[in-house]
Amino acid sequence: MELRVSSPGTDLVDEDIDRIQKDLEKIDRRLNGLQDVFAEVRINDGGVAQGYQVILELEYRRNHLMAKATHTDMGQAVREAREDILRQINDRSRRGHSSFTKGR
């Protein structure tokens with residue numbers, strides 16, 4: 001997966017980017033090592049009250065998925081956006097929405 005991280009107004013160090021990449025490895029595993037997967041993470045610091053606003057965009061095959069999350073902890077906001085993307089991937093799979101496959 002090719003990853004691009006931008007953070008206007010927020011200074012990220014290499015450790016932050018490594019942690020983001022590690023958090024997004026779950027998406028790469030879910031896509032079974034699919035080639036030509038592009039992820040873009042945009043992080044905005046909304047101040048002390050707002051926390052971090054994270055926008056995660058993922059492109060693979062013909063799919064373009066986007067998730068947004070806000071949290072006071074940057075890592076938690078990235079993980080929340082990741083979980084939303086994983087849910088969207090699961091919803092697009094051939095099996096359909098998970099609640100339908102469980103017979104609910």
Side-chain angles (χ1 to χ4, degrees):
M1 174 171 44
E2 184 177 321
L3 176 64
R4 183 173 43 215
V5 177
S6 63
S7 60
T10 305
D11 294 328
L12 295 180
V13 294
D14 289 340
E15 295 161 352
D16 293 329
I17 295 171
D18 290 342
R19 194 173 6 196
I20 291 169
Q21 188 170 13
K22 186 173 191 250
D23 285 339
L24 298 183
E25 285 176 356
K26 193 172 183 179
I27 294 172
D28 206 21
R29 287 191 306 269
R30 173 60 180 90
L31 294 174
N32 296 322
L34 187 67
Q35 298 297 316
D36 298 327
V37 177
F38 303 98
E40 181 176 357
V41 178
R42 291 190 302 277
I43 302 170
N44 296 312
D45 186 0
V48 176
Q50 290 280 22
Y52 293 94
Q53 299 170 343
V54 172
I55 299 171
L56 172 58
E57 290 190 62
L58 185 76
E59 292 185 29
Y60 67 99
R61 294 184 181 157
R62 293 182 178 173
N63 299 297
H64 182 173
L65 308 176
M66 183 165 57
K68 297 178 183 180
T70 303
H71 200 277
T72 54
D73 177 56
M74 180 177 54
Q76 185 62 35
V78 169
R79 288 185 292 277
E80 286 177 12
R82 175 198 68 197
E83 292 304 314
D84 189 18
I85 289 288
L86 287 169
R87 181 195 55 75
Q88 293 178 48
I89 291 170
N90 288 338
D91 287 351
R92 289 175 181 257
S93 71
R94 291 184 181 162
R95 289 169 268 140
H97 192 273
S98 60
S99 65
F100 295 122
T101 60
K102 292 180 182 176
R104 295 181 185 177

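Starting from 1, each residue takes its place in the sequence as its number. Heavy atoms only: backbone and side chains are in, while hydrogens, waters and symmetry mates are out. None of the values given here were measured: they were computed from a predicted structure.
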Response to the item:
Sorted by chain and number, sequence neighbours left out, side chain to side chain donor-acceptor pair (under 3.5 Å) with Glu80 holds for none

Worksheet item: Does a side-chain heavy-atom distance below 4.5 Å link Ile27 with Leu56?
Response: yes

Worksheet entry | Contacts of type side chain to side chain contact (heavy atoms under 4.5 Å, CB included), residue Thr10, not counting sequence neighbours | Ser7, Leu12, Asp45, Tyr52

When the side chains of residues 18-26 are checked against the rest of the protein, which donor-acceptor pairs come out under 3.5 Å, sequence neighbours left out?
unit_1: Arg19; atom_1: NH2; unit_2: Asp16; atom_2: OD1; d: 2.6
unit_1: Asp23; atom_1: OD2; unit_2: Arg79; atom_2: NH1; d: 3.3
unit_1: Lys26; atom_1: NZ; unit_2: Glu83; atom_2: OE2; d: 3.4

Fill in: Whichever hydrophobic residues join Ile55 through chains of side-chain contacts under 4.5 Å
Met66

Worksheet item: Using links of under 4.5 Å between side-chain heavy atoms of ILVMFWY residues, direct or through other members, which residues join Phe38 in one cluster?
Response: none

Item to complete: List the steps and the verdict of side-chain contact (heavy atoms from CB on, under 4.5 Å) for Asn90 and Arg87.
Response: CA-CA 5 Å; Asn90 288 338; Arg87 181 195 55 75; 5.7 Å; no

Discussion item. For Arg4, give me all partners under side chain to side chain donor-acceptor pair (under 3.5 Å), at least two apart in sequence or on another chain.
Written reply: Glu40

Fill in: Considering all heavy atoms, the nearest Ala77-Ala69 contact
O-CB, 3.3 Å

Item to complete: Measure the CD1-CG distance between Ile89 and Leu65 for me, rounded to the nearest 0.5 Å.
Response: 6.0 Å

Discussion item. What's the separation between atom CG in Asn63 and atom CZ in Arg92, rounded to the nearest 0.5 Å?
Written reply: 4.5 Å

Worksheet item: From Lys68 NZ over to Glu57 CD, what is the distance, rounded to the nearest 0.5 angstrom?
Response: 9.0 Å

Worksheet entry | Heavy-atom side-chain proximity of Leu3 to Val41 below 4.5 angstrom | yes

Worksheet, complete the sentence: When every non-hydrogen atom of Ala81 is compared with those of Ala67, the smallest separation belongs to O-CB, 3.5 Å

Item to complete: List the steps, then state whether side-chain contact (heavy atoms from CB on, under 4.5 Å) holds for Val54 with His71.
Response: CA-CA 8 Å; Val54 172; His71 200 277; over 6 Å; no

Practice prompt. Could you tell me the separation between the CG atom of Leu58 and the CG atom of Leu86, rounded to the nearest 0.5 Å?
Written response: 9.0 Å

Worksheet item: Once you round to the nearest 0.5 Å, how far does CG of Leu31 lie from CG of Asp36?
Response: 12.0 Å

